[in-house]
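This chain uses plain numbering: 1 for the first residue, then up along the sequence. Bear in mind the structure is a predicted one, so any value in this text is a computation, not a measurement.
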Amino acid sequence: MASKFKFIDLFSGIGGFHTGAANAGGKCVMASDINETANKTYFENYGIKPWGDIYQIKSEDIPDFDLLCGGFPCQPFSQVGPKGAFEDERGLLIFQILRILKDRQPKAFLLENVRGLKSIQGGAVFATIVNELKNAGYQVHTKVLEAKDYGTPQLRKRLFFVGIRNDIKADFSFPEPVPLKYTFSEIMGGETERQYSFTIRIGGRRSGINNRFNWDCYMVDGVPRYITPEECLMLQGFDRDFKLCGNENERYAQVGNSVPTTIVYAIVNQLAKAGVFKKG
């Protein structure tokens with residue numbers, strides 16, 4: 001089946017956006033990330049070698065595309081981070097996305113970050129980002145969505161930005177929740193005491209089931225057990241046999257940094273159904 005649209009995958013990580021957008025009928029024409037291990041994982045699974053530092057990427061060198069996807073770094077905006085926002089160099093990376101949007105004017109974009117971005121500095125950072133996205137020429141829609149409402153049993157709320165170019169008239173709305181694809185017990189291979197997992201995190205591993213920072217230890221058939229990177233993949237909507245490169249710490253981090261593929265699919269599918277990629 002021919003692809004319905006072309007997309008680029010910025011801050012691509014292991015390809016949460018890639019998997020979701022491809023499942024909705026898209027073809028990836030370019031990816032970019034500076035993490036070498038994640039780039040190896042990306043190549044192993046998609047056959048695409050991501051470009052490197054986004055600061056070194058010229059807008060005119062990017063192949064033609066309809067949709068810009070990007071999970072720009074969340075650490076400056078995270079509730080568990082230093083909340084540096086634009087005072088943190090990583091927080092300024094959103095302006096590289098804006099640069100490409102202004103220069104290339106794709107039909108749509110889909111961005112993701114932590115929900116805390118909405119409230120940091122009294123909402124000023126969020127307002128600035130939304131205004132800049134609008135000034136780039138887009139109708140902007142934002143909403144906090146949770147993984148457990150889109151097929152995977154994980155308590156993971158994230159903020160999504162959807163933009164549709166101003167000259168494209170489309171009736172877009174965020175997707176309605178869907179049933180779970182599988183239960184948490186099915187993922188863990190035994191009866192779990194929880195219906196949903198905690199949010200997959202990058203740090204704090206092996207903290208123990210009674211530690212308030214615990215996210216990776218669960219009671220399974222009455223016995224505490226740590227979740228594996230492969231099980232974490234399923235919580236993000238990847239196939240269990242998705243190949244992760246690197247050591248164990250790097251594998252956990254790569255999955256923790258990803259976006260739930262099922263949410264990406266649901267949003268991009270809504271854009272496609274609205275005819276965004278057929279217009280303009």
Side-chain angles (χ1 to χ4, degrees), residues 5-12 17 21 26 29-34 51 53-78 83-145 158-175 259 263-264 267-268 270-272 274-280:
F5 58 92
K6 297 176 181 179
F7 67 93
I8 63 172
D9 192 2
L10 304 180
F11 310 103
S12 49
F17 279 104
V29 296
M30 175 263 197
S32 170
D33 204 289
I34 62 170
W51 300 11
D53 188 351
I54 193 170
Y55 283 102
Q56 304 303 316
I57 297 173
K58 296 180 180 179
S59 300
E60 61 266 28
D61 290 340
I62 300 173
D64 290 340
F65 64 100
D66 304 297
L67 172 68
L68 181 151
C69 297
F72 57 104
C74 67
Q75 290 87 348
F77 312 111
S78 174
K83 298 185 177 68
F86 298 140
E87 296 172 8
D88 184 317
E89 184 178 355
R90 294 167 299 179
L92 297 174
L93 289 167
I94 180 63
F95 293 101
Q96 294 304 306
I97 290 176
L98 286 159
R99 167 178 64 86
I100 295 171
L101 286 174
K102 291 174 181 177
D103 291 347
R104 296 301 301 271
Q105 291 288 290
K107 294 176 180 177
F109 65 76
L110 172 58
L111 309 178
E112 176 258 5
N113 211 285
V114 293
R115 60 174 172 162
L117 187 150
K118 289 196 73 172
S119 58
I120 191 171
Q121 296 183 8
V125 171
F126 174 73
T128 296
I129 291 174
V130 170
N131 286 335
E132 289 294 329
L133 290 168
K134 289 180 178 179
N135 289 338
Y138 291 84
Q139 311 152 47
V140 180
H141 309 261
T142 67
K143 192 170 184 178
V144 173
L145 302 178
R158 288 295 185 268
L159 173 63
F160 290 86
F161 300 78
V162 173
I164 299 171
R165 203 173 62 209
N166 283 336
D167 64 311
I168 297 175
K169 304 306 177 186
D171 185 17
F172 172 82
S173 60
F174 280 97
V259 60
I263 298 182
V264 173
I267 294 174
V268 176
Q270 286 287 95
L271 287 167
V276 170
F277 304 125
K278 294 180 180 178
K279 300 174 182 178

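- Judged by distance alone, with hydrogens and angles left aside, the side-chain atoms of K107 form no donor-acceptor pair with the main-chain N or O of D66 at under 3.5 Å.
- A donor-acceptor contact shorter than 3.5 Å is absent between the side chain of Q270 and the backbone of F172.
- Using a 4.5 Å cut-off on side-chain heavy atoms (C-beta onward), F95 and L98 make contact.
- Judged by distance alone, with hydrogens and angles left aside, the side-chain atoms of S12 form a donor-acceptor pair with the main-chain N or O of S32 at under 3.5 Å.
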Evaluation steps, side chain to side chain contact (heavy atoms under 4.5 Å, CB included), between L133 and F109 | CA-CA 10 Å; L133 290 168; F109 65 76; 3.8 Å; yes
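- Within the 4.5 Å cutoff, side-chain heavy atoms of I94 are placed close to those of I97.
- By the 4.5 Å heavy-atom criterion applied to side chains, F174 and I267 are counted as neighbours.
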Working for side chain to side chain contact (heavy atoms under 4.5 Å, CB included), residues L67 and K6 = CA-CA 6 Å; L67 172 68; K6 297 176 181 179; over 6 Å; no
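- Here the side chains of Y55 and L93 are in contact, with some heavy-atom distance below 4.5 Å.
- Between E112 and F160, some side-chain heavy-atom pair lies under the 4.5 Å cut-off.
- By the 4.5 Å heavy-atom criterion applied to side chains, F17 and V264 are counted as neighbours.
- The nearest pair of heavy atoms linking F277 to A108 is CE2-CB, 4.4 Å.
- Annotation for K102: atom NZ counts as buried by contact number, over 12 foreign heavy atoms lying within 6.0 Å.
- To the nearest 0.5 Å, atoms CZ (F65) and CD1 (I8) are separated by 3.5 Å.
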Kindly indicate, with the supporting measurements, whether the criterion side chain to side chain contact (heavy atoms under 4.5 Å, CB included) is fulfilled by F5 and L271.
-> CA-CA 11 Å; F5 58 92; L271 287 167; over 6 Å; no
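- In this structure, L10 CG and L111 CG are separated by 8.5 Å, a value rounded to the nearest 0.5 Å.
- A donor-acceptor pair under 3.5 Å is formed between the side chain of Q105 and the backbone N or O of A136.
- For R104 (side chain) and S59 (main-chain N/O), a donor-acceptor pair under 3.5 Å exists by modelled atom type.
- Minimum heavy-atom separation, I57 to M30: CD1-CE, 3.6 Å.
- Put simply, NZ on K58 and CD1 on I100 are 13.5 Å apart, with the number rounded to the nearest 0.5 Å.
- No donor-acceptor distance shorter than 3.5 angstrom exists from the side chain of Q139 to the backbone of K169, with no hydrogens or angles considered.
- The aromatic rings of F72 and F161 lie tilted to each other, with the angle between the two planes from 30° to 60°.
- Atom-to-atom distance recorded for T142:OG1 and K118:NZ is 5.0 Å, nearest 0.5 angstrom.
- To the nearest 0.5 Å, atoms CG (L159) and CZ (R115) are separated by 11.0 Å.
- Between the D53 side chain and the I34 main chain, no donor and acceptor come within less than 3.5 Å of each other.
- Taken to the nearest 0.5 Å, the CG atom of D9 stands 13.0 Å off from the CH2 atom of W51.
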